[in-house]
Protein chains: 2
Amino acid sequence: MREEGLGKVTMRRIATALDTGPGSLYVYVRDTEDLHAQILDTLLAPVPAGVPKTGPWRDRLKALLSDYGRVLHTHPTIARMALSTQPSGPNSMAVADAILGLLAEGGVSDQVAAWGLDLLLLYPTAIAVEHGSSTSLKAEGMAELAAQVAVADPARYPNVARVGDALLSGDGASRSAWAFDVLLDGILAVRSPSA
Amino acid sequence: MREEGLGKVTMRRIATALDTGPGSLYVYVRDTEDLHAQILDTLLAPVPAGVPKTGPWRDRLKALLSDYGRVLHTHPTIARMALSTQPSGPNSMAVADAILGLLAEGGVSDQVAAWGLDLLLLYPTAIAVEHGSSTSLKAEGMAELAAQVAVADPARYPNVARVGDALLSGDGASRSAWAFDVLLDGILAVRSPSA
DNA sequence: ACCTGAACACCGTTCAAGT
DNA sequence: ACCTGAACACCGTTCAAGT
C-alpha cells in the first residue's frame, strides 16, 4: 500500500495511484495528518534495528539520530507533519525508547532525558523541512545570503561583518554532526528542569 | 500595506484584502516565499531594540530569542517560510548581528558563534511551526500521546515506561526556557567546528 | 508600458448517490 | 452497509487581453 513517497505526498496523488477517487482514502485515514503519520511510522520500522549495538553510547545515539534524519530528509512532506504533530505509532515509540535508553546509558537523568528527547528529535526534523524546498532555491538563497554578508555595512552590522565567511562555512553533514554535539553537550551540562 | 497576518497569510487573501485580483501581487513579490520573507522582515523591525541593554549577556540573549520566537509564534505561516529559507532583509540581519554580538560578549569564538546562530534561530522557528496547527489538534495529540505512554508495554518500551509522565511534564514556556539553556550550555561546551 | 483577472493546475474534505 | 467521485472551497502562478 503506502510504499512510495519520495515526491509530494498528497491525498489525491495516492488516490489516483491506487486507481480510485479522492475521498476514498478517508475510509482508512482521518486526515492528511493521519495519513502522513501512518506513513512515517512504517518508514521508521528499520531505524531502531540499524543502530550499532556496541561502542560509546554517544556515537550510537548520533547514528540513530542521523538515521532518523535521513528518513525524514528523503520525505520532506512527511517531515513537515512530524514537526507539527508528536509522532505516534509503534515504530516512533521504539525510536523514542532507544533514544531514552542511550541517554540513560550516558548517565542522563530521566527528567532531563524526557525533555531532551523532544529537543534531539526536533533538530533533524527541522533540518529535513528546511531542505524540503527545492535544492535550486536553497542554493539561490545561499548565494543571496553570501552577497548580503559580503556587502554588509560594518557600521550597521559589525558582528556580521566580523564573523563574515564563517557564517557560510561547512556543508549540511558537518553542521548536523556539530549540532548533535552541541545538543548532547548541552544536555549533559544543563541543570535538571525545575518542572 | 502588509500589516495584518494573524491568520493564514496567502496570496489570494492579501489580494482580496487589497481589493484586487490574485496575480497582482506578482508586481511586488516574486513568490509566496518572497512575500512571506518581506512580511517577516517588517515584523522583525522592533525586535532588536526590545532587548535590554544591561544585565548578563545570557539573559539578554534569551530575551532576544524569546522575542524572535514570539513574533513567529503569532504568525505560523511566516514561521513555516522562515524554516525553509534563510531570512534575509535588514531587520533579520540586525537580529543576527545582535545574537552574534551577545555570543561574542559571552566569549564564544566567531567560528562557533557563526554555526551557533543558525542553531539558536532554528529552535524558536521550529517551535512556532509546531504550534502552528490548530490548538485543539495539539491538545488532542497530547492526550493521545499520554494514553500511549500510559499503556506502553514495559517489555517492548522499557525506557518510555520508566520515564513515564516526565515526557509530558512542563508547559511550552518552561520547555523553551530550558531548551535555550541546553543550547547555550552546549555552545559554550562544544569544541570549535573543524571546518 | 503596466496592471489585471480569467484560466490552469493543483489541493483537502464532504456527502449524496449509487453498488 | 459500504465505497465512491462529483462538488465545494480553497490554493499559487501565468499570461493574454485590456487600460
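No experiment lies behind these values; they were computed from the predicted model shown. Each chain gets a letter, A, B and so on, in the order the sequences are listed, and its residues count up from 1.
A:Arg80 has its CZ atom 12 Å from the P atom of C:dG12, to the nearest Å. Per the geometry, CD belonging to A:Glu33 stands 9 Å off P belonging to C:dT13, to the nearest Å. One interatomic measurement links the two molecules: CG of B:Leu25 to C1' of C:dC3, which rounds to 12 Å at whole-angstrom precision. With rounding to whole Å, A:Leu18 atom CG is found 14 Å from D:dC3 atom P. In this entry the distance linking OH of A:Tyr26 with P of C:dT14 reads 6 Å, nearest Å. The nearest whole Å value for the distance from the NZ atom in B:Lys8 to the C1' atom in C:dC11 is 11 Å. As rounded to whole Å, 11 Å separates atom P of D:dG12 from atom CG of B:Asp31. Per the geometry, CE belonging to B:Met11 stands 19 Å off P belonging to C:dC10, to the nearest Å.
Considering only side-chain atoms of B:Arg13, the nucleotide from D:dG12, D:dC11, C:dT13 that sits closest is D:dC11.
B:Ser192 and B:Gln111 are not linked by any side-chain donor-acceptor pair at a separation below 3.5 angstrom, with hydrogens and angles left out of the test.
Looking at B:Gln86 and A:Leu167, their side chains never come closer than 4.5 Å, going by heavy atoms from C-beta outward. At least one side-chain heavy atom of B:Ile99 sits under 4.5 Å from a side-chain heavy atom of B:Leu121.
Base pairing annotation: C:dC10 forms no Watson-Crick or G-U wobble pair, as no partner gives both donor-acceptor distances under 3.5 Å. Applying the Watson-Crick and G-U wobble criteria (two distances, each under 3.5 Å), D:dC15 pairs with C:dG5.
Ring planes of A:Tyr123 and A:Phe180: perpendicular class, angle over 60° (limits at 30 and 60°).
Nucleotides D:dC10 and C:dA9 place their C1' atoms 13 Å apart, quoted to the nearest Å.
Using a 4.0 Å cut-off between a side-chain N of Lys or Arg and a carboxylate O of Asp or Glu, A:Arg70 and A:Asp67 qualify as a salt bridge.
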Take A:Arg58 and A:Asp185 through the test salt bridge (Lys or Arg N to Asp or Glu O under 4.0 Å) and record every step on the way to the result.
CA-CA 10 Å; A:Arg58 200 169 157 134; A:Asp185 284 349; 2.8 Å; yes
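Annotation: A:Asp171, atom CG; neighbour count of heavy atoms from other residues, nucleotides and ligands within 6.0 Å is above 12.
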Is there any protein nitrogen or oxygen under 3.5 Å from a nitrogen or oxygen in nucleotides 4-8 of chain D, and what are the pairs?
unit_1 : atom_1 : unit_2  : atom_2 : d
D:dG5  : OP2    : A:Gly21 : N      : 3.1
D:dG5  : N7     : A:Pro22 : O      : 2.6

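OP1 and OP2 of C:dC10 both lie 4.0 Å or more from every side-chain N or O belonging to A:Thr10.
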